[in-house]
Amino acid sequence: MKKNYFFKAFVAVLLGLLVSCDNTTDDPINQNNTGNNGEPTITGPRVLNKVMSGTATSEEYITASGAISQVILKDMVTANSTTATVTYTGDKVSRIKYIDNQNPHVIDNEYNITYTGGRMTAVTLQQNLGSAVNLSDFTVSYDPAGTLYRIEEKKKMNGSATYTHYAEYKFTFSASNVVRMEHTAMLMKNNNPDPTTASKTNYAYDNYDNKINPYTTLSREYFIVTGILFPVNFNMISSNNAGKITVQNPAGAVVSYPKTYLYDSQNYPVSDQGQSTKYIYKAL
């Protein structure tokens, strides 16, 4: 029931980015500019352009006037990659198509987003896995203050006429940062969730800094959908940077990932403290 198509190296890289240690530095070479030698330092608005792992690009965000058009996520261990193509209706992300370069595909997902009053309220998913086609309906709920509270998924597996699987993503925020996300999955019987089959994974995001999360320079809706696909990364929608991520699976030991950042003088992360992971920005 739990989704097992995590892009392992991608997730490991993202965990490496979620770091927090208040070490503001002078602007390192090529870290807060557009990424090309000789270009001036960015002091104004910017968007995340690339994330580097060593000398290789692990994530690339292709944008026009600050709007994502395509994202390329690369596996640092193999030649595998996943490309997300983003479509807009007006100024809102309305469709995201994720597809990897494997044969057969592990990820071939198309998400279509519905808005109510300018806010994401529903998502549909068509997931193609070989000859199997799975369909999901997501409902996105908010608390009275307008903070994201819950995402519920009902899935029809392999052409089923009725819902067969259910999942809930339940969020706890502190100010504008996600501090906890509970992912519960279960089977459905007669179109109703069956709690006797429930399995829960807990994600905790702690030790936030007061600096700028580089992912907030891009579309929040894109990263909500990315969180549905890779739940460990839901803190990408937080305003600041988590210093520790803890994952408690239904079985097995609790795993924690402590992280650190180096920042530029504009309060943007430019690398981890070891400078093995680096952020490249693009000026607006």
Side-chain angles (χ1 to χ4, degrees), residues 1-7 11 68 71 73 82 84-90 92-100 105-129 132-144 146-173 178 180-195 197-203 215 218-238:
M1 295 184 300
K2 181 79 169 64
K3 295 175 192 171
N4 290 319
Y5 35 82
F6 279 77
F7 199 29
V11 171
I68 298 173
V71 180
L73 310 171
T82 297
T85 301
V86 182
T87 302
Y88 292 79
T89 299
K92 293 290 188 182
V93 174
S94 56
R95 177 179 177 269
I96 306 173
K97 172 72 172 181
Y98 298 85
I99 191 163
D100 63 26
H105 295 300
V106 177
I107 298 175
D108 183 354
N109 293 4
E110 180 180 317
Y111 297 85
N112 287 278
I113 302 170
T114 298
Y115 295 84
T116 303
R119 193 164 61 179
M120 173 192 287
T121 52
V123 182
T124 61
L125 162 65
Q126 178 171 315
Q127 179 187 47
N128 303 300
L129 295 174
V133 177
N134 303 324
L135 303 174
S136 289
D137 293 311
F138 296 85
T139 302
V140 184
S141 302
Y142 302 84
D143 68 15
T147 302
L148 180 65
Y149 175 67
R150 188 194 337 254
I151 300 174
E152 294 178 276
E153 176 187 12
K154 296 179 180 180
K155 182 184 287 288
K156 297 175 180 178
M157 297 287 286
N158 199 18
S160 172
T162 59
Y163 292 116
T164 58
H165 291 68
Y166 173 88
E168 177 191 60
Y169 306 77
K170 188 175 180 181
F171 301 87
T172 301
F173 279 77
V178 179
R180 184 177 179 85
M181 196 280 287
E182 300 173 17
H183 179 259
T184 304
M186 66 189 76
L187 297 175
M188 296 187 76
K189 185 177 182 180
N190 298 324
N191 274 333
N192 293 310
D194 181 2
T197 64
S199 176
K200 180 183 288 188
T201 302
N202 293 319
Y203 301 88
Y215 295 100
L218 300 166
S219 165
R220 177 181 174 88
E221 289 77 19
Y222 170 81
F223 289 111
I224 290 175
V225 174
T226 296
I228 291 172
L229 184 56
F230 303 108
V232 69
N233 297 311
F234 257 119
N235 63 309
M236 294 168 113
I237 66 174
S238 295

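Everything numeric here is computed off the predicted structure, so don't read it as measured data. All values below come from the heavy atoms of this structure, side chains included, with hydrogens, waters and symmetry mates left out. Quick note: residue numbers are just sequence positions, from 1.
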Show your working on side-chain contact (heavy atoms from CB on, under 4.5 Å) between F173 and D143 and close with a plain yes or no. CA-CA 11 Å; F173 279 77; D143 68 15; over 6 Å; no
All heavy atoms of R119 vs all of G146, minimum pair found to be NH1-CA, 3.5 Å
Closest heavy-atom pair, S136 versus E153, reported as atoms and distance to 0.1 Å, is OG-OE2, 2.6 Å
Main chain of T121, side chain of T116: is a donor-acceptor contact present, judged purely on distance under 3.5 Å? no
How long is the gap from CD1 on I107 to CZ on F230, to the nearest 0.5 Å? 4.0 Å
Backbone N or O of I237 within a donor-acceptor pair of the R220 side chain at under 3.5 Å? yes
Might you work through the side-chain contact (heavy atoms from CB on, under 4.5 Å) test for F171 and I151, ending with a clear yes or no? CA-CA 9 Å; F171 301 87; I151 300 174; 3.9 Å; yes
Do the ring centers of Y203 and F234 come within less than 6.0 Å of each other? no
Heavy atoms from other residues, nucleotides or ligands near OH of Y115 exceed 12 (cutoff 6.0 Å): yes
Heavy-atom donor-acceptor pair, T226 side chain to Y222 backbone, under 3.5 Å: yes
Within the 4.5 Å heavy-atom criterion, are K170 and Y149 side-chain neighbours or not? yes
Any sub-3.5 Å donor-acceptor pair from N134's side-chain atoms to N158's backbone N or O? yes
Indicate yes or no for a side-chain donor-acceptor contact from T162 to the backbone of N191 under 3.5 Å, with no hydrogens or angles considered. no
N233 vs Y215 side-chain heavy atoms within contact, under 4.5 Å: no
Work out which heavy atom in I228 is nearest to a heavy atom in Y169; give both atom names and the distance. O-OH, 3.5 Å
Separation between NZ of K97 and OH of Y111, rounded to the nearest 0.5 Å: 10.5 Å
Would you mind telling me which of R150, M120, E221 makes a side chain to side chain contact (heavy atoms under 4.5 Å, CB included) with V140? M120
Nearest heavy atoms of A198 and T184, plus distance in Å: CB-CG2, 4.2 Å
Would a distance-only check, ignoring hydrogens and angles, find a side-chain to backbone donor-acceptor pair under 3.5 Å from T197 to L187? yes
To the nearest 0.5 angstrom, please state how far the CG atom of N109 sits from the CG atom of L229. 6.0 Å
Using a 4.5 Å cut-off on heavy atoms from C-beta on, say whether the side chain of Y88 contacts that of V93. yes
Taking all atoms of both residues into account, what is the closest heavy-atom pair of K92 and G118, and its distance? NZ-O, 3.0 Å
Side-chain donor or acceptor of H105 paired with backbone N/O of D100 under 3.5 Å: yes
For the residue pair M186 and P193, what are the closest heavy atoms and their distance? SD-CB, 3.5 Å
Side-chain contact test, heavy atoms from C-beta onward, threshold under 4.5 Å: evaluate it for M181 versus P231 and give yes or no. yes
Looking at side-chain heavy atoms only, is the closest gap between M188 and T164 below 4.5 Å? no
Does Y163 have K156 sitting over its ring (NZ/CZ under 6.0 Å from centre, angle to axis within 45°)? yes
Hey, could you give me the CG/CG distance between N128 and L135, rounded to the nearest 0.5 Å? 9.0 Å
Between CZ on residue R95 and OG1 on residue T89, distance to nearest 0.5 Å: 10.5 Å
How far does CG of L148 sit from CD1 of I224, to the nearest 0.5 angstrom? 5.5 Å
